[in-house]
Amino acid sequence: MRYIALDFETGNASPLSACALGATVFEDAVPVQQTVSLIQPPPGVRKFHWGNVRVNHITEAMVADAPAFDVVWRALAPLAAGSVLVCHNAAFDVRVLCACLAHYHLPVPDCRTVCTVKVAQRVWPDLTDHKLDTVSAALAIPLDHHEAGSDAYAAGMILQAALRETGSPDVDALARTIGMRLGRISRMGTTPCSIAKDSAAVRPPRHPINEGEKSS
């Protein structure tokens with residue numbers, strides 16, 4: 001099964017203001033391709049908000065000569081169809097992806113989506129919170145937080161850790177085990193990744209993170 005872990009950084013509140021994209025492609029459990037690129041947002045959304053810059057450290061000057069989204073997406077588009085898109089807070093990244101695809105009149109790939117925030121909440125419920133940096137630290141996943149390539153890689157590795165923790169061979173089995181419904185995007189629209197209403201009946205045992213996984 002192919003998983004593509006994605007992370008977008010944006011320059012302001014508009015989903016069209018994507019200014020960086022990181023992606024790690026996993027073939028089954030193995031990361032086989034990593035890409036990261038700055039993106040120049042389209043006219044009209046190029047004024048960056050100071051709050052976004054404070055978080056991701058990407059400025060308007062840094063993306064002045066960067067490629068547009070359609071150029072950056074070109075390499076990933078053939079891989080996306082039929083894949084599972086993996087994002088930490090998938091609602092945000094899927095919204096950005098779909099907005100950019102629509103703006104550039106690009107086809108929406110038919111693929112499923114999984115949110116590793118929701119996965120982590122079900123598999124490691126005793127963590128203090130389920131932010132990317134917290135989960136990554138608990139699982140000893142290296143992270144340069146808010147750097148798109150690093151964030152994407154971490155999301156993909158969190159999913160792989162969850163598959164191992166639950167003994168699930170793939171994301172479909174994981175979803176059944178933890179009571180989660182995978183999301184989907186297609187030209188017909190989007191359905192968010194969600195926790196099933198009856199998930200308490202299929203919630204896996206709470207396994208503590210191995211001591212060896214806590215060390216950096």
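The analysis underlying the following values was restricted to heavy atoms, covering all of them including side chains, and did not include hydrogens, waters or symmetry mates.
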- Answer yes or no: is there a side-chain heavy-atom contact under 4.5 Å between Leu21 and Ser37? no

- Item | Distance (rounded to the nearest 0.5 Å) between Asp172 CG and Arg112 CZ | 4.0 Å

- Message: Which heavy atom of Cys100 sits nearest to which heavy atom of Pro15, and what is that distance?
- Response: SG-O, 3.9 Å

- Can any side-chain N or O of Gln40 pair as donor or acceptor with the backbone N or O of Ala68 at less than 3.5 Å? no

- Task: Indicate yes or no for a side-chain donor-acceptor contact from Asn12 to the backbone of Ser17 under 3.5 Å, with no hydrogens or angles considered.
- Result: no

- d(Asn52 CG, Cys19 SG) to nearest 0.5 Å is 7.5 Å

- Query: Looking only at heavy atoms, which two atoms of Leu143 and Ala154 are closest? And how far apart?
  - Reply: CD1-CB, 3.8 Å

- Would Met180 end up clustered with Phe92 when hydrophobic side chains under 4.5 Å apart are linked, directly or stepwise? no

- Task: Would you check if Met157 and Phe26 make a side-chain contact, meaning some heavy-atom pair closer than 4.5 Å?
- Result: yes

- For residues Leu97 and Ile185, report the shortest heavy-atom separation together with the two atoms involved. CD2-CD1, 4.0 Å

- Near Asp129 CG, under 6.0 Å, is it more than 12 heavy atoms from other residues, nucleotides or ligands? yes

- Item | Residues which pass salt bridge (charged side-chain N to carboxylate O under 4.0 Å, His left out) with Asp110, listed by chain and number, not counting sequence neighbours | Arg184

- Task: Mind listing the closest non-hydrogen atom pair of Pro42 and His103 along with its distance?
- Result: CB-NE2, 3.3 Å

- Query: Say you draw a straight line from CG of Leu159 to SG of Cys115; how long is it, rounded to the nearest 0.5 Å?
  - Reply: 11.0 Å

- What distance separates Trp124 CH2 from Ile158 CD1, expressed to the nearest 0.5 Å? 7.0 Å

- Does OH in Tyr153 sit with more than 12 non-hydrogen atoms of other residues, nucleotides or ligands closer than 6.0 Å? no

Output a table of donor-acceptor pairs, distance under 3.5 Å, between side-chain atoms of residues 1-9 and any protein atom two or more places apart or on a different chain; print 'none' if there are none.
from: Arg2; atom 1: NE; to: Glu27; atom 2: OE2; distance (Å): 2.9
from: Arg2; atom 1: NH1; to: Leu79; atom 2: O; distance (Å): 3.3
from: Arg2; atom 1: NH2; to: Glu27; atom 2: OE2; distance (Å): 3.2
from: Tyr3; atom 1: OH; to: Val171; atom 2: N; distance (Å): 3.2

- Query: Considering only heavy atoms from C-beta outward, does the side chain of Cys87 approach that of Thr113 to under 4.5 Å?
  - Reply: no

- Query: So do the side chains of Leu76 and Pro109 get within less than 4.5 Å of each other, counting heavy atoms only?
  - Reply: no

- How long is the gap from CZ on Arg176 to OG1 on Thr166, to the nearest 0.5 Å? 11.0 Å

- Query: Taking the side chain as C-beta and beyond, is there a heavy-atom pair between Thr24 and Val86 under 4.5 Å?
  - Reply: no

- Which pair of heavy atoms, one from Ala152 and one from Ala23, lies closest together, and at what distance? CB-N, 3.9 Å

- Can you check whether Thr10 reaches Ser14 side chain to side chain, under 4.5 Å on heavy atoms? no

- Task: Check the hydrophobic clustering (I, L, V, M, F, W, Y; side-chain heavy atoms under 4.5 Å; chains of links allowed) and say if Leu139 and Val30 are grouped together.
- Result: no

- Considering only heavy atoms from C-beta outward, does the side chain of Val71 approach that of Tyr104 to under 4.5 Å? no

- Task: Among residues two or more places apart or on two chains, list those pairs meeting side chain to side chain donor-acceptor pair (under 3.5 Å) that have a residue in residues 73-93.
- Result: His88-Thr116

- Task: Any chance you could measure Arg54, atom CZ, to His49, atom NE2, to the nearest 0.5 Å?
- Result: 9.5 Å

- Tell me, do Thr177 and Arg122 make a side-chain contact under 4.5 Å, heavy atoms counted? no

- Which heavy atom of Leu16 sits nearest a heavy atom of Ala99, and at what distance? CD2-O, 3.4 Å

- Message: Donor-acceptor pair, distance only, cut-off 3.5 Å: does the side chain of Arg46 make one with the backbone of Pro41?
- Response: yes

